[in-house]
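Have a look at the structure below, then the notes.
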Amino acid sequence: METTQSLSVTFARGARRVTGSNFLVEAKEGGTTTRILIDCGLAQGERFSESVNAEKFSYDPASVDAIFFTHAHADHIGLFPKLVKDGFRGTEYATAPTRALLAQMLEDSLHIAADEARRNHDAPPYSAEDVAHAVSLMRELPYHETVRVGSALSVTLYNAGHIIGSASAAIDAFGTRLLFTGDLGRSPAVIVPDREYPEKVDYLFMESVYGDRVHEPIAESVDMLRSVVEDTRRSGGVLLIPAFSLERTQIILSNLDQMFSKGGKPMPVFLDSPLAAKVTAVYEQYPEFLREDIRARMQKGDDPFSFPTLRVTKNVSESHEADQAPAPKIIIAGSGMSHGGRIMAHEARYLPERSTTILLTGYQAAGSLGRRIQDGAKEVTINGASVSVRAAVKTLGGFSAHADRDDLMSYVEAVKPKKVFVILGETQSSAFIAQRIQGFLGIPTDVPREGETLSL
Ligand SMILES: [Zn+2]
């Protein structure tokens with residue numbers, strides 16, 4: 001009997017878009033079809049949860065055999081409860097830290113999305129029950145351990161060097177190897193071990209958030225953080241840091257710890273983000289997923305994410321204390337793009353002051369409040385009220401957990417695929433890196449569109 005084999009990839013979401021990572025791989029052999037998903041993330045932009053998230057999935061969730069999560073950022077996991085609500089009953093795989101973070105991150109997403117839905121008079125994409133159901137079945141998959149799905153597919157995770165537990169997923173089927181990078185880290189990375197370069201990859205599906213940009217060196221960001229802290233001390237003002245709870249906050253804390261313990265005069269720091277506090281506990285729980293020098297600090301009894309002037313606020317009344325404490329002071333609060341969370345109250349209070357500095361530490365999605373501030377708006381709307389911006393606005397690029405143009409080029413050069421599909425970036429950024437890969441490395445590229453299905 002003749003068996004027919006076919007392999008395809010559908011870019012359900014996350015093509016020509018930074019967020020909403022969701023890719024379907026189908027392997028057909030004879031009469032059997034095996035389907036797996038890589039990620040199921042929220043599309044984000046002007047809103048934390050864009051209205052497109054409410055749409056039906058373009059495939060039948062009940063027909064999917066397994067899902068693999070590359071890491072615990074909302075744009076990679078945040079739509080998973082809806083997938084479960086809509087019928088997914090397959091197996092879920094992730095690394096141990098991703099699994100530990102998933103419940104916390106999804107609960108947080110639920111709160112922000114529900115608040116936002118109330119403000120916009122529409123329905124959130126899922127409920128608390130959906131989240132509880134979604135996180136109950138997760139299996140742990142260590143790096144380098146191969147798992148089979150059906151008879152046709154096998155999947156292996158490799159360290160992506162982006163955030164704790166982040167993974168790239170290699171899929172082997174019928175002698176062909178696909179590699180989905182997930183989000184890739186810089187090289188060298190700041191807190192997690194450097195990304196790996198899987199071998200014998202035929203088709204590479206690579207992120208491109210910063211495909212057309214080069215980050216400043218990490219050392220420059222360390223210096224800039226130091227000088228912004230010193231300026232805040234001199235001006236007696238407030239340093240506001242909108243926090244990305246996962247990875248960026250731990251990088252900032254670890255740098256402040258180093259700065260204050262190596263002769264820098266300590267300053268009061270308020271970590272006003274319950275989520276960031278919980279996430280930091282996961283970092284402390286999985287030292288084997290951190291860089292060797294960070295692990296060494298921990299073994300010597302130094303908590304790299306804590307110092308004597310750090311105050312972690314637990315509830316809203318402690319959040320008010322952060323407001324009332326005398327300046328100079330540093331307030332780190334979520335969310336990172338000012339989509340919601342406690343940072344908004346601090347912004348409403350301190351952005352009108354000339355002595356304030358707001359320090360943006362990561363990607364600000366087009367249309368987000370953070371992006372408007374970054375683009376120099378003199379007046380913004382926060383919780384329905386108009387707020388004038390007299391604060392200094394600074395951007396720290398070097399602490400990005402994302403590979404930049406040069407990191408992406410060196411990654412492709414090391415992996416040597418036959419073809420690169422550039423995904424997870426704004427169109428301009430994806431097109432730029434695609435052209436560069438083709439021009440400099442002679443490897444064919446494509447920038448697929450959402451909804452497109454590719455037969456391999
Ligand atoms: Zn990410």
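The basis for the numbers below is simple: all heavy atoms, side chains too, and nothing from hydrogens, waters or symmetry mates. Residue numbers start at 1 and run along the sequence shown. Both ligands and their constituent atoms are indexed starting at 1 by order of listing.
A salt bridge is absent between Arg177 and Asp202: the closest approach of a Lys/Arg side-chain nitrogen to an acidic carboxylate oxygen does not fall below 4.0 angstrom. Taking 4.0 Å as the cut-off between side-chain N and carboxylate O, Asp375 and Arg372 do not count as a salt-bridged pair. The existence of a salt bridge linking Arg213 and Asp404 is excluded, since no basic side-chain nitrogen approaches an acidic carboxylate oxygen closer than 4.0 Å.
With respect to the Zn ion (ligand 1), His162 has NE2 as its nearest N, O or S atom. The atom of Asp183 nearest to the Zn ion (ligand 1) is OD2, with the search restricted to N, O or S atoms.
The two residues Ala434 and Val447 come nearest to each other via the heavy atoms CB-CG2, 3.7 Å.
Expressed to the nearest 10°, the angle at the Zn ion (ligand 1) joining ND1 in His73 with NE2 in His71 is 100°.
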